[in-house]
*Asks:* 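The following block contains the structure, expressed as structure tokens.
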Amino acid sequence: MRASIIVVIGLLLLSSPVSSLNNGLALTPTMGWLHWERFMCNTDCDADPENCVREELFMEMADVMVNEGWKDAGYEFVCIDDCWPSMQRDAEGRLQADPKRFPSGIKKLADYIHSKGLKLGIYADVGTKTCEGYPGSLGYYDIDAKTFAEWGVDLLKFDGCFMPDWRQLGEGYMNMSRALNQTGRSIVYSCEWPLYEWQHQQPDYEPIRKTCNHWRNYGDVYDQWTSVTSILDWTANHQKILVPMAGPGGWNDPDMLVIGNFGLSHDQQQTQMAMWAIMAAPLLMSNDLRKICPQSKELLQNKEIISINQDSLGKQGYLTLQVASFEVWERPLSGNRLAVAVMNRQEIGGPRRITINDVSLPSWKICNPKCNVTQILPKYQDMGIQSRVSEIVVLVNPTGTTLFTVNPL
Ligand code: GLA
């Protein structure tokens with residue numbers, strides 16, 4: 001009797017759909033700010049106090065996030081990347097923050113961030129050293145997880161540099177996941193496991209999504225249009241593998257938003273924002289919120305785009321059509337709705353037009369009998385009630401994106 005109950009429970013477990021890391025976190029993609037792309041490993045606080053990696057940088061960012069609408073828009077995590085620790089562990093083998101740049105320590109910083117109603121992210125590495133040569137966590141996973149939990153850290157970005165044997169990447173990432181879990185504190189786990197494994201072989205994504213809340217697949221984003229397009233191209237080329245892995249609790253991470261910096265035109269910034277929403281990507285901005293221009297701020301705080309990104313269905317979008325210079329991507333949304341992004345990849349000439357109908361976009365059939373179409377980018381516009389036989393013409397700037405939603409009636 002007892003054995004058969006166990007068999008039945010076992011079968012139930014086996015037949016339940018394989019799901020993401022079950023720590024109750026990241027049910028929608030993580031939103032926040034991460035220092036890396038904009039501030040990198042600037043540790044020269046004597047020469048450049050405003051832009052070096054020190055506790056004030058994170059406190060000031062937190063202040064702005066609360067005072068200027070970022071928190072209200074959903075950006076919640078203030079994340080430290082590489083170059084925060086001291087080069088030496090303490091006498092008990094614990095990581096410690098660089099005493100000159102973080103004189104109050106990470107615990108105090110976490111308290112400050114929490115007092116603002118925000119959450120703190122930190123960075124460590126699965127191998128012997130971080131990518132910038134600071135102490136790695138190999139051999140210290142339990143101690144480091146415990147230290148982060150004691151400090152009140154809410155997210156760990158775990159990098160994959162300096163792993164002596166790449167075949168142990170998976171084991172390392174899984175052990176850190178377990179160590180974090182054992183602390184009893186809720187800590188979002190952001191991995192780079194697949195990125196480092198792709199350098200040797202195609203990763204098996206099932207263990208990855210059971211271990212991590214999001215995972216980087218591809219190289220670092222730069223403040224540059226070709227970097228954004230290379231991430232999009234790589235994602236489209238691997239969408240058969242990647243798209244089914246995403247869902248509440250686990251997301252593909254195409255890296256930071258570089259909107260508000262120096263390298264992207266406004267059309268290109270709109271493309272990054274639209275496509276990161278379509279890809280159900282974590283929205284981790286890396287920019288200087290203390291000096292961002294109003295146009296980039298408005299784009300990053302756009303409620304309609306954020307609500308596509310955060311849609312509760314949690315399905316990642318995909319490239320559905322390539323025609324002439326256009327790429328059409330779609331993302332199924334809750335309530336049988338659809339988000340559609342039409343990107344113009346041509347980098348010469350002016351705005352180009354494309355007709356959307358049930359031939360160019362098979363999902364247009366959700367407009368049966370009728371649907372409501374709302375354009376969100378390049379600017380908000382009600383496109384009225386459409387039917388299955390209607391067609392709409394959209395105009396897209398070079399390297400820009402037109403984003404709209406389709407709501408069946
Ligand atoms: C790697 C990661 C980046 C950043 C740097 C820090 O390159 O992919 O996102 O964390 O390391 O050194």
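For ligands, and for the atoms within them, numbers begin at 1 and follow the listed sequence. Since the structure is predicted, the reported quantities are computational estimates derived from the model, not experimental observations.
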*Asks:* List in chain and number order the residues that pass side chain to side chain donor-acceptor pair (under 3.5 Å) with R178, two or more places apart in sequence or in another chain; answer none if no residue qualifies.
*Replies:* N175

*Asks:* Examine distances only and state if a side-chain atom of S286 and a backbone atom of E37 form a donor-acceptor pair shorter than 3.5 Å.
*Replies:*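 Looks like yes, one N/O pair under 3.5 Å.
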
*Asks:* Residues two or more places apart in sequence or in another chain: which of them pass ring-ring contact (aromatic ring centres under 6.0 Å, His included) with F404?
*Replies:*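 For F404 there are no ring-ring contact (aromatic ring centres under 6.0 Å, His included) partners, ignoring immediate neighbours.
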
*Asks:* Any side-chain donor paired with an acceptor under 3.5 Å for Q269 and S296?
*Replies:* yes

*Asks:* Is any side-chain heavy atom of K119 closer than 4.5 Å to one of V78?
*Replies:*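 Contact flag for V78/K119 side chains = no.
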
*Asks:* Within the protein, flag every N or O under 3.5 Å from an N or O of ligand 1, and note the pair and distance.
*Replies:*
unit_1: ligand 1; atom_1: 7 (O); unit_2: D220; atom_2: OD2; d: 2.6
unit_1: ligand 1; atom_1: 8 (O); unit_2: E192; atom_2: OE1; d: 2.8
unit_1: ligand 1; atom_1: 8 (O); unit_2: E192; atom_2: OE2; d: 3.3
unit_1: ligand 1; atom_1: 8 (O); unit_2: R216; atom_2: NH1; d: 3.3
unit_1: ligand 1; atom_1: 8 (O); unit_2: D220; atom_2: OD1; d: 2.6
unit_1: ligand 1; atom_1: 9 (O); unit_2: K157; atom_2: NZ; d: 2.8
unit_1: ligand 1; atom_1: 9 (O); unit_2: R216; atom_2: NH1; d: 3.2
unit_1: ligand 1; atom_1: 10 (O); unit_2: D81; atom_2: OD1; d: 2.6
unit_1: ligand 1; atom_1: 10 (O); unit_2: D81; atom_2: OD2; d: 3.4
unit_1: ligand 1; atom_1: 10 (O); unit_2: K157; atom_2: NZ; d: 3.0
unit_1: ligand 1; atom_1: 11 (O); unit_2: D159; atom_2: OD2; d: 2.8
unit_1: ligand 1; atom_1: 12 (O); unit_2: D82; atom_2: OD2; d: 2.7

*Asks:* According to the salt bridge (Lys or Arg N to Asp or Glu O under 4.0 Å) rule, which pairs have a member within residues 128-145, sequence neighbours left out?
*Replies:* R89-D144

